[in-house]
Number of protein chains: 2
Amino acid sequence: MKLEEAKEEFIQAWGALGSSWGINRTMSSIHALLMANNEPLSTEDIMAALQISRGNANMNTRALIEWGLVKKHRIAGDRKEFFVAGKDVWEMARQIAKERRKRELNPVIESLENLKDIDENGEEAESFKKRINDLHDFTSEISGLVDKFTRNDRNWFYRSLLKLLG
Amino acid sequence: MKLEEAKEEFIQAWGALGSSWGINRTMSSIHALLMANNEPLSTEDIMAALQISRGNANMNTRALIEWGLVKKHRIAGDRKEFFVAGKDVWEMARQIAKERRKRELNPVIESLENLKDIDENGEEAESFKKRINDLHDFTSEISGLVDKFTRNDRNWFYRSLLKLLG
DNA sequence: TTAAACTTTCAATAAATAGTGAAAGATAAA
DNA sequence: TTTATCTTTCACTATTTATTGAAAGTTTAA
């Protein structure tokens, strides 16, 4: 297989993975494009490679920077901004986990906390309360675990995991 | 807070969580509705509770059954089908992990395997190969870990995890 | 300063996804 | 069988989400 062909297929596959994870296709395609290229790319490079508009390229590079997956890179003597993807797979996984915890896990935990104070006492209410409690305990433990993972705190990660899995 | 109010908020929150995970809002709302109710509900109950059409209710209950999150339930003397959500949070997590591994992780691993045979040798090609390799190793390890988790095989899960985290 | 080079914003538009409901397909009691 | 009850399908419509591109905003070299 040729390198260029492989790059295209990689961009394709990574884009598809992203969209099944609630990340838009362009964002993960840009990420893949930058991972596939060692040299920093400019907005124009990205526009040309993925055939997308300036606005779209701009929005999604900025989203990638917010997620901590991509960094801006200045090249001496050039006024353009260039972009590079982080190279370490583990670091990438940590950033993604961190961001998703913040955006998705935390809000649901908050919701579940609110739902805890139900002032009814029938059998149905009690069983609902129990389920909410189970879910809350579970999501909180997972959240804690993810937090330790993102901090790369192995010692506490293990302790937390052992506690969680019993 | 009243029980009915809490149920509604729960359905809301769970639906939102689902949609940020690439699961459609209705599917996760139905799941939440069934979790919030101990008694089996019929398609008509679901239609009424969530104000959705028969077709939609049918498609999404079937999706939930495919995911292993909901089971059909027959009530003696009634020809309708009823639905109940599993009650164990861990079991639920395992089913979700299992399904997502199959749908998302496996295809990307396959893709990465295909990309391994690049017959070019420049510096750029080598660095691309390395990244693909790193990603492949990482995703494969994660996949194996998830597999052990879904099989509830704690012993192997720990070994696998320790190996992965070094 | 000023003006060229670049980045960002956002209203309009396009594309993708989800939902509807009526009709066709099953199933099982009579 | 036949028929009433329930389930599934699918072409159409509605809703949501992503993308465009031109205009406004910002930065920096001269």
Side-chain angles (χ1 to χ4, degrees), chain A residues 11-12 14-34 40-67 69-84 100 103-104, chain B residues 11-12 14-34 40-67 69-84 100 103-104:
Chain A
I11 289 166
Q12 172 69 27
W14 204 246
L17 181 67
S19 57
S20 67
W21 281 75
I23 290 161
N24 87 50
R25 182 177 300 276
T26 305
M27 181 171 157
S28 21
S29 297
I30 295 177
H31 187 213
L33 176 67
L34 294 173
L41 301 183
S42 70
T43 301
E44 315 239 321
D45 295 334
I46 294 168
M47 288 166 64
L50 303 178
Q51 298 281 21
I52 59 174
S53 73
R54 183 173 300 282
N56 197 11
N58 182 266
M59 275 190 35
N60 285 296
T61 44
R62 281 191 307 115
L64 283 165
I65 289 166
E66 259 179 52
W67 277 67
L69 296 172
V70 161
K71 292 223 175 313
K72 284 190 183 179
H73 187 272
R74 295 211 147 269
I75 290 185
D78 202 325
R79 261 163 79 176
K80 279 213 247 347
E81 280 179 344
F82 290 80
F83 304 95
V84 258
R100 296 187 70 102
R103 289 171 195 239
E104 294 146 25
Chain B
I11 289 166
Q12 172 70 26
W14 204 246
L17 181 67
S19 57
S20 66
W21 280 76
I23 289 162
N24 86 50
R25 184 177 297 277
T26 307
M27 182 171 157
S28 23
S29 296
I30 295 178
H31 188 213
L33 176 68
L34 293 172
L41 301 182
S42 69
T43 301
E44 314 239 320
D45 295 334
I46 294 168
M47 287 165 64
L50 303 178
Q51 299 282 24
I52 59 174
S53 73
R54 183 173 300 284
N56 197 11
N58 180 265
M59 275 188 38
N60 285 295
T61 45
R62 281 190 308 115
L64 284 165
I65 289 167
E66 259 178 52
W67 278 66
L69 296 172
V70 161
K71 289 221 176 318
K72 285 190 183 178
H73 188 273
R74 298 212 143 269
I75 290 185
D78 202 324
R79 261 164 77 176
K80 278 212 251 339
E81 280 179 345
F82 290 80
F83 303 94
V84 259
R100 293 187 71 102
R103 289 173 195 238
E104 294 146 25

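Lettering follows sequence order; numbering is per chain, from 1. The figures here come from the full heavy-atom set of this structure, side chains too, leaving out hydrogens, waters and symmetry mates. Everything quoted here is computed from the prediction, not taken from an experiment.
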**Asked** Can a cation-pi geometry be assigned to B:Arg100 and A:Trp21, taking NZ or CZ under 6.0 Å from the six-membered ring centre and within 45° of the ring axis?
**Response** yes
**Prompt:** How many Å lie between CD1 on A:Ile30 and P on D:dA18, as a whole number?
**Reply:** 13 Å
**Request:** Kindly write out the residues that satisfy salt bridge (Lys or Arg N to Asp or Glu O under 4.0 Å) with A:Arg25, not counting sequence neighbours, or none if the list is empty.
**Result:** none
**Prompt:** How close or far is atom P of D:dA18 from atom CD1 of A:Ile23, stated in whole angstroms?
**Reply:** 11 Å
**Complete:** Rounding to 0.5 Å, atoms NE2 (A:His73) and CD (A:Glu81) come to a distance of 12.0 Å
Dump every N/O contact between nucleotides 7-10 of chain D and the protein below 3.5 Å, one line per pair.
from, atom 1, to, atom 2, distance (Å)
D:dT7, OP1, B:Glu81, N, 2.8
D:dT8, OP2, B:Asn58, ND2, 2.4
D:dT9, OP2, B:Arg62, NH2, 2.7

**salt bridge (charged side-chain N to carboxylate O under 4.0 Å, His left out) contacts touching residues 53-62 of chain A (sequence neighbours left out)** = A:Glu44-A:Arg54
**Prompt:** Rounded to the Å, how far apart are A:Met47 CE and C:dC6 P?
**Reply:** 13 Å
**A:Phe83 and its side-chain contact (heavy atoms from CB on, under 4.5 Å) partner, picked from A:Leu64, A:Thr43, A:Asp45, A:Ile30** = A:Thr43
**Asked** In whole angstroms, how far is the P atom of C:dG19 from the CG atom of B:Leu50?
**Response** 11 Å
**Message:** Please report the distance, rounded to the nearest Å, between CZ in A:Arg25 and C1' in C:dA15.
**Reply:** 12 Å
**Message:** Just verifying a value: how many Å separate A:Asn56 CG and A:Thr26 OG1, rounded to the nearest 0.5 Å?
**Reply:** 4.5 Å
**Item:** Between P of D:dT17 and CE of A:Met27, the distance in whole Å
**Value:** 16 Å
**Prompt:** Does C:dA16 have OP1 or OP2 sitting under 4.0 Å from an N or O in the side chain of A:Asn24?
**Reply:** no
**Asked** For the pair made of CD in A:Gln51 and P in D:dT19, what is the distance, rounded to whole Å?
**Response** 14 Å
